[in-house]
Every structure is written in structure tokens, then in C-alpha cells.
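What follows is a short report on a single structure.
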Amino acid sequence: MDTAAIRSDFPILHQTVNGKPLAYLDSAATAQKPRQVLDALNQYYLHDNANVHRAVHALGERATLAYEGARAKTARFIGAPHARQIVFTRNTTEAVNLVAYSWTDRLTPDDEILITPMEHHSNMVPWQQTALRQGCRLRYMPLRPDGNIDMQKLPEYLSPRTKLVALTHVSNVLGVTNPVAEITALAHQVGARVLIDGAQGVPHFKVDVTAIDCDFYVFSGHKMCAPTGIGVLYGKLEALEELTPFLYGGEMIATVSLEASTWKELPWRLEAGTPNISGAIGLGAAVDYLESIGMDAIKAHGDALTAYALEVLSAMPGVTIYGPLTGRTGLVTFNLADIHPHDVSTVLDQEGVAIRAGHHCCQPLMRWLDVPATVRASFYLYNTAAEVDMLAQALERTREFFGAR
Ligand code: 7TS
């Protein structure tokens, strides 16, 4: 992979911060956008802007073609058999909530939802609320001490009561890549539906929802070089058919009378109102961009950088790394001596190094790790080993500054 050529596609990376060259190591929060995606947005707004699915004029047709073309690209990108299986949402959070509101009426107090303690709040709080609303039980899969799901104990947590299993493909804190196909097969044996949160998976490696066989798969455009405000709910057709619309209005209806209404077919039934047309087009352009580089090359680059960062950081005195040392995707989470992560991030920012510090929207996981917060460096296709070295040097300076050992 030609990282120098890739970096030239990202104008934002070529700047100094506090007089130092920027090392952007926070792509797990949001990825930067290449010129190709920004050009697609410009093309749409400068030449094609119109509402979709209604106008017969030329601009309306072009906008509709581009919007639906992006849906087809997205479907192909994740191995979905039909474009109809892609519902555009605002982000991962909205996609999870769409299922949580639209599918869960069927749950009764005898039923169970099974998730993991490593979920991002956006794949945890909606299920807590569902459990409260429906009076059903929310359970958590057991974790091994290294943060991986305890697959030996997992079958004890699955029974015919389990109606939904929801888990992340990749943890945004531990970096672990969960065996989602294996867990899906186990969940299907007891008749549960399965939702996978792919927010930290889709950007980094080739995802094939058909091979995983999950019922729902959700992710955000902004973590894979697309604009903010566009996300995806993929579903098996029979699973999507079970969703009752959660927003009503224009775009999603077939007929409306004063008394009653009928709905369009999937996926439009679940996309009420004028959608994020430019966002979807930007997502299509991001898919083209990532595919032009190749998801296998992107994965190999991410794996190599993560392994290098683990090696460098584990050799540094005072660094505690959280999560397993192998099988991680795209990020390293750690603490430096007893310095508060926010202080670490403030000093790193002075050195031009952008990382995230805090609970990473995973407060229960922080409790499990027995820390209030952590530092996290995350990598993407435009990052380099030199930036990992910049991180290490900046951490050295942080340690000196705080007089830590
Ligand atoms: N699921 C996972 C695994 C995530 O990492 C995130 C965002 C979300 C869901 C929510 O995505 P959204 O686009 O709906 O907000 N994670 C992070 C992060 O780690 N730092 O900032 C956002």
C-alpha cells in the first residue's frame, strides 16, 4: 500500500497543530475524508441537487440514480444479496434504535436479550430501555480476563428464551474482533435474531453479512471516510419485514386517505422524510475509494500498525495496555503510569498527536477494567509507523512532564 499517495488524498492531514506536524490517531472516533469523497459531495451540490423519488425532471432523476446507486454499492460492499436490504439511517446509533423500537414489540417478560459488557453505549442503552419497556430480561455474555468473549461458557447463556443477541464486531476499547459468525450460528440454534454492530469492523476489513448470516448488521459512514450523518441498517429481508415503521410521513407511504395509510416496500418504508441524499452519495464514494485501495490491503496495513504500536507501547515503562495483545483491529487502549488520561491527551495535543481519552462511551467496560478512563490511539489507512513513533516520543515527554516512572 502506498501510504504517501493515500495521504495526498487527505488534505486535512497536512497541517501543523501547536507548531508540530499533526498525527491524527483518532479514527475510531471519526475518520478523515479523502478528496474523492469531498468531490462527490461537490458534484452533487454543484450539478445534481434535487429531492429523490419524486421529480421527473433531469436533476431529480440524477439525484435519485446517485442515491439508489450508493445503496447498491453499499450492499455489494458488505455482501448483501439485494440493495433493498440496505436502510439508510443517520448512524450506527440510529440503526440500533430503529431495530430496538420497531422489532421489540413482540418481546414478553419471559424473553431475554443477550449482549456483551463491551458494547458501546449505543448498542447497550437501547436494549436496557427495551428490557424496561417490554419487561424482559437483559443478560450479558461472560468475558475472559483478556477481554475476549468466553465461548466455552456462552452456551449457558443461550436458551429458547433468548430472542435477540446483539454484539459488536470489533470493540472500540479492547480492539477485540469477536467471532460473530460462530455466535450467530449458536444464537440461531435457539431461534434468536442476531444484530451485529459493525461500526469498528466495516472500515477495517472485508465484511460479508451473508457469510456471517446475522439478521441485522449496522454501521456508520463517518468511520469509513464518508460524511457524518449517514449510517446503515442491513437486514435479512424476512427480518426487515418484521420491523414496524418507527417514523411516519412522506417518502415511506404507498397510499394515504383521511382514515388510514399503507406503506411502501422495503427499504423506503423505513426511510421517512427527505433522506440524507448527499451523505448517501458520499458513502458510495467512500466505498469506491476503499475498494480502489482494497480492503485486504487496508486490513494488512491496519494490522501491521496496530502490532507495531503494541510492540512500542508495551516496551515503554509505566504503560498498561488493556485488551488482548493479538487479534486486535485498529486500536490500542492504555494508560500511562497514574497520569489521568485527560492530562495525557492534553500533553499529546501540545505535541500534535490527536488521540482520545475518556470512557469511550463504554462506562460498564471501564468498570470491568477497573479504571475510570483510558487513552486510546486508533489507526486507519492513512496512518504511518512514523506517527506511532511520534506518539511514543510524545508519551515519553508526558512522563517526564509529570515526573512519572
Ligand atoms: N458502536 C461502536 C463499536 C462504536 O465504536 C461507535 C462509535 C458506535 C457504535 C456509535 O457510532 P455513531 O456513529 O452512531 O456515533 N464510537 C466512537 C468512539 O469510539 N469514539 O467516538 C465514537
Side-chain angles (χ1 to χ4, degrees), residues 24-33 74 78 87-101 115-128 141 143 147-149 165-178 180 183 194-205 207 212 214 216-234 276 279-280 282-283 286 302 306 322-323 328-334 341-342 345 354-366 368-369 371 373-380:
Y24 184 76
L25 302 179
D26 196 18
S27 295
T30 200
Q32 299 302 349
K33 323 301 173 198
T74 307
I78 60 163
V87 179
F88 285 129
T89 62
R90 280 192 302 144
N91 45 35
T92 304
T93 305
E94 189 176 80
V96 175
N97 275 279
L98 177 55
V99 177
Y101 274 98
I115 67 172
T116 82
M118 72 173 86
E119 298 311 308
H120 187 279
H121 295 159
S122 67
N123 196 31
M124 182 178 281
V125 183
W127 306 122
Q128 287 177 349
M141 296 182 203
L143 300 186
N148 278 300
I149 292 168
V165 173
L167 79 153
T168 192
H169 202 159
V170 172
S171 159
N172 66 320
V173 171
L174 303 168
V176 298
T177 311
N178 289 318
V180 289
I183 293 173
V194 178
L195 178 143
I196 308 294
D197 170 358
Q200 302 290 353
V202 176
H204 293 282
F205 48 73
V207 168
I212 297 168
C214 53
F216 302 108
Y217 193 101
V218 298
F219 58 100
S220 296
H222 70 92
K223 295 187 201 283
M224 52 177 283
C225 298
T228 47
I230 188 78
V232 171
L233 164 65
Y234 153 85
N276 182 355
L283 176 61
T306 308
Y322 302 103
R328 298 179 76 114
T329 298
L331 56 91
V332 180
T333 302
F334 60 94
H342 286 143
S345 99
I355 49 86
R356 184 167 171 196
H359 55 62
H360 313 289
C361 301
C362 290
Q363 290 183 12
L365 184 60
M366 292 296 119
W368 185 83
L369 290 169
V371 289
T374 74
V375 182
R376 180 188 69 188
S378 54
F379 314 107
Y380 207 20

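All heavy atoms count here, side chains included; hydrogens, waters and symmetry mates do not. When a ligand or atom number is given, it counts from 1 through the structure's own listing order. Residue indices begin at 1 and follow the sequence shown.
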Between ligand 1 and the protein, find all N/O pairs closer than 3.5 Å and give the distance for each.
unit_1: ligand 1; atom_1: 1 (N); unit_2: Asp197; atom_2: OD1; d: 3.3
unit_1: ligand 1; atom_1: 1 (N); unit_2: Asp197; atom_2: OD2; d: 2.5
unit_1: ligand 1; atom_1: 5 (O); unit_2: Gln200; atom_2: NE2; d: 2.7
unit_1: ligand 1; atom_1: 13 (O); unit_2: Ser220; atom_2: OG; d: 2.6
unit_1: ligand 1; atom_1: 13 (O); unit_2: His222; atom_2: NE2; d: 2.7
unit_1: ligand 1; atom_1: 14 (O); unit_2: Thr92; atom_2: N; d: 3.4
unit_1: ligand 1; atom_1: 14 (O); unit_2: Thr93; atom_2: N; d: 2.9
unit_1: ligand 1; atom_1: 14 (O); unit_2: Thr93; atom_2: OG1; d: 2.5
unit_1: ligand 1; atom_1: 16 (N); unit_2: His120; atom_2: NE2; d: 3.4
unit_1: ligand 1; atom_1: 16 (N); unit_2: Lys223; atom_2: NZ; d: 2.9
unit_1: ligand 1; atom_1: 19 (O); unit_2: Asn172; atom_2: ND2; d: 2.8
unit_1: ligand 1; atom_1: 19 (O); unit_2: Arg376; atom_2: NH1; d: 2.6
unit_1: ligand 1; atom_1: 19 (O); unit_2: Arg376; atom_2: NH2; d: 3.3
unit_1: ligand 1; atom_1: 20 (N); unit_2: Arg356; atom_2: NH1; d: 2.5
unit_1: ligand 1; atom_1: 20 (N); unit_2: Arg376; atom_2: NH2; d: 3.2
unit_1: ligand 1; atom_1: 21 (O); unit_2: Arg356; atom_2: NH1; d: 2.9

Handout entry: Centroid-centroid under 6.0 Å between His359 and His121 rings
Key = yes

Handout entry: Exercise: do Ser220 and Thr92 side chains pair donor with acceptor under 3.5 Å
Key = yes

Problem - Partner of Val87 by side chain to side chain contact (heavy atoms under 4.5 Å, CB included), out of Leu233, Val99, Val232 - result: Leu233

Practice task
Classify the side-chain pair Thr168/His120 by whether it contains a donor and acceptor separated by less than 3.5 Å.
Solution key: no

Practice task
Working to the nearest 0.5 Å, report the span between OG1 of Thr333 and CG of Leu369.
Solution key: 8.5 Å

Problem - Distance, nearest 0.5 Å, that separates OG1 of Thr329 from CG of Leu174 - result: 11.5 Å

